[in-house]
2 protein chains.
Amino acid sequence: MAKEYPRIDITVDAVVFGYKPDEGISVLLIKRKKDPFKGTWAIPGGFVEVDESLEHAVSRELKEETGIEVNYLEQLYTFGEPKRDPRKRIVSVAYYALVKPDIYEVHAADDAEGAEWFNIEKLPKLAFDHKYILEMAIFRLRNKISYEPVGFELLDKHFPFSELHKLYETLYGKEIDRRNFKKKFLSLGILKELKEKNSGGKGRPGLLYQFDKDKYFQLKKKGIVFEI
Amino acid sequence: MAKEYPRIDITVDAVVFGYKPDEGISVLLIKRKKDPFKGTWAIPGGFVEVDESLEHAVSRELKEETGIEVNYLEQLYTFGEPKRDPRKRIVSVAYYALVKPDIYEVHAADDAEGAEWFNIEKLPKLAFDHKYILEMAIFRLRNKISYEPVGFELLDKHFPFSELHKLYETLYGKEIDRRNFKKKFLSLGILKELKEKNSGGKGRPGLLYQFDKDKYFQLKKKGIVFEI
DNA sequence: GCAAAAGTGTTCCTTTTACACCCATGC
DNA sequence: GCATGGGTGTAAAAGGAACACTTTTGC
């Protein structure tokens, strides 16, 4: 009576974003060690084990393949076209992740022959439908940053205002008036101004700031909307 | 060498929304015919066949279980907690769908003992984690309607302006000034005003309107943003 | 002619944009 | 002392919110 369903395998993939003010937005890719697409760059990922959550699978695979631990992880979309993997039917739950600059170091391992950061403007050819996944992730990040304070996940804990500003300019792909941006962002009341100043670099050193997570959640509970 | 992965089953579920001005937003649920949760209301859905796309699986299951055909379908989120199904590990790709009032008629079939519309304010107890899925779908719909013109998928092809207005009031859960709303919406330039007037009903009959999809996509291509 | 809903315009206020000058530091 | 980037305020413009009166229909 029960219909016999041929099995479908399930994997997770993760688009990991990093940011450096002078290099822009980068994505962590691995070079595949096995066929199909052996030697081609791909988004890290792998099979989900039967007793682990999807998020756990993502974190585990990222650690195994690239040695990285991310500080922000969110589901992006599930890709399930019958022919997206040439071997067999695979449904992949894609995530995107953000990492802070101080854990930028990666080391290839496991199924990866290499692991490297690529600027999102200069991507190599990608395996499977990973180009499409990556594009969707970039689109999502651009959007997300406009209505949720996720940008901080790409910055150091303490950062000069100019880095936040540059991050938004980079993601929006256009110039944003420095003064108006600062006015608006500060008026949200979710940044702590620190006593420290930014050392090194040219010009007048600016004060450092820190994201005030508690304040943000207080305001959010009150129904105040982040929008930038 | 290859690790043996115990299999995970994959299903699709669909939160189907309908709207009637005097009844508000409703959701289509089915009464389960089998265990687990036999006799409990649930979101329609089922297993994905190995050679069909996820969207196809959703449409097929909806047709089988409830007899309905939807005119808008979008992926919501993938739920994959190890214990979300008491029998075995199941990852479910959830969708949400919108139907127009004229195909509101449903007939239970297949695995469903019953299929009924429930107002989203008066939901019964639901099987599995379906309450959570439904809440997420409602949240998503509320949001979506603010930045994409999906509201029309819940209205008849020709509708009086008041219905569009009421739909937004219902979803936003608050009053919206009728005149400002109309001014803003019409200024988007994506509505065709028809010669026909709304027949029946109380008060002065209003003109009927129609969503101008072509115009919308033209404007979208130009970078003009829908926001209401 | 009364109740109900639709059509329409103006004013006020808030938010956004545009823009310029001075200040602190490194070399 | 000069180049570089940081800090700050104001005025004009645009967009959003508040609001009232007239018109068309059914009963």
Side-chain angles (χ1 to χ4, degrees), chain A residues 20-24 145-147 155-156 158-170 172-210 219 222-228, chain B residues 20-24 145-147 155-156 158-170 172-210 219 222-228:
Chain A
K20 294 212 167 172
D22 35 326
E23 294 167 28
I145 208 175
S146 75
Y147 64 89
L155 300 176
D156 285 311
H158 299 169
F159 54 87
F161 209 91
S162 59
E163 282 194 18
L164 187 63
H165 178 229
K166 215 179 286 180
L167 172 60
Y168 274 84
E169 284 193 329
T170 304
Y172 287 174
K174 65 172 187 188
E175 288 204 350
I176 303 169
D177 184 88
R178 182 172 58 93
R179 296 151 293 186
N180 291 336
F181 179 79
K182 190 169 181 184
K183 215 183 306 171
K184 190 168 172 191
F185 218 116
L186 287 180
S187 77
L188 296 171
I190 60 175
L191 288 187
K192 262 201 276 263
E193 189 176 279
L194 305 176
K195 306 258 177 281
E196 270 175 282
K197 288 188 182 171
N198 189 20
S199 64
K202 285 187 277 189
R204 175 176 174 175
L207 288 169
L208 295 182
Y209 289 82
Q210 183 177 352
L219 291 172
K222 280 194 211 157
I224 287 144
V225 183
F226 175 93
E227 211 192 311
I228 206 90
Chain B
K20 293 214 168 170
D22 35 326
E23 294 166 28
I145 206 173
S146 75
Y147 64 87
L155 299 177
D156 284 313
H158 299 170
F159 54 87
F161 209 91
S162 60
E163 282 195 19
L164 186 64
H165 178 229
K166 216 181 282 179
L167 172 60
Y168 274 83
E169 284 192 329
T170 305
Y172 289 174
K174 65 172 187 189
E175 289 204 348
I176 303 169
D177 184 89
R178 181 173 59 92
R179 297 152 290 184
N180 290 337
F181 179 81
K182 190 169 182 184
K183 214 183 307 170
K184 192 168 171 189
F185 219 115
L186 287 181
S187 76
L188 295 171
I190 60 175
L191 288 186
K192 263 202 276 262
E193 190 177 279
L194 305 175
K195 307 256 178 282
E196 271 175 281
K197 288 188 184 174
N198 188 20
S199 64
K202 285 186 277 190
R204 175 177 175 175
L207 289 169
L208 295 181
Y209 289 82
Q210 182 178 352
L219 292 172
K222 281 195 210 158
I224 286 144
V225 182
F226 176 93
E227 211 193 309
I228 205 89

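Because the structure is predicted, anything quoted here is derived from the model rather than measured.
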Check: Asp156(B) side chain, His158(B) main-chain N or O, donor-acceptor pair, under 3.5 Å: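 Judged by distance alone, no pair lies under 3.5 Å.
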
Carboxylate-amine/guanidinium proximity below 4.0 Å for Lys20(A) and Asp22(A):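 Salt bridge: no.
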
Distance in Å, Ile224(A) CD1 paired with Ile190(A) CD1, rounded so as to fall on 0.5 Å steps: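 Spacing of CD1 (Ile224(A)) from CD1 (Ile190(A)) equals 11.0 Å.
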
Candidates Ile228(A), Val225(A), Leu219(A) - the one meeting side chain to side chain contact (heavy atoms under 4.5 Å, CB included) with Leu188(A):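 Going through the options one by one, the only one that passes is Ile228(A).
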
Interface with DNA chain D, restricted to residues 174-192 of chain B and to heavy atoms under 4.0 Å: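 Result for residues 174-192 of chain B: Asp177(B), Arg178(B), Arg179(B), Asn180(B), Lys183(B), Lys184(B), sorted by number.
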
Nucleic acid contacts of residues 159-167 of chain B, taken as heavy-atom distances under 4.0 Å to DNA chain D: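 Close to the strand, none.
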
Under the salt bridge (charged side-chain N to carboxylate O under 4.0 Å, His left out) test, residues paired with Arg178(B) that sit two or more places apart: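 Not a single residue meets the salt bridge (charged side-chain N to carboxylate O under 4.0 Å, His left out) criterion with Arg178(B).
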
Phe185(A) side chain reached by Leu164(A) side chain, heavy atoms, under 4.5 Å: yes

Side-chain heavy-atom pair Leu194(B), Leu207(B) within 4.5 angstrom cut-off: no

Minimum heavy-atom distance Ile176(A)-Glu169(A), with the two atoms named: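 Smallest interatomic distance, heavy atoms only, reads N-OE2, 2.8 Å.
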
Atom of Lys166(B), atom of Pro21(B) and distance for their closest heavy-atom approach: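 The answer is CD-O, 3.7 Å.
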
DNA chain D: 5'-most and 3'-most nucleotides touching chain A, 4.0 angstrom heavy-atom criterion: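 The contact span of chain A on DNA chain D goes from dT4(D) to dT10(D).
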
Separation of atom NZ in Lys197(A) from atom C1' in dA24(C), rounded to whole Å: 7 Å

Cation-pi check, Lys182(B) onto Phe161(B) ring (under 6.0 Å, within 45° of axis): yes

Partners passing ring pair (Phe, Tyr, Trp, His ring centres under 6.0 Å) against Tyr172(B) (at least two apart in sequence or in another chain):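 So Tyr172(B) forms a ring pair (Phe, Tyr, Trp, His ring centres under 6.0 Å) with Tyr168(B).
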
Overall bend - the helix from dG1(C)-dC27(D) to dC27(C)-dG1(D), comparing terminal axes fitted on five pairs, nearest 10 degrees: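 Terminal axis comparison yields 0°.
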
Distance-only side-chain donor-acceptor flag, Glu193(A) / Tyr209(A), under 3.5 Å: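 Yes, side-chain donor-acceptor contact under 3.5 Å.
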
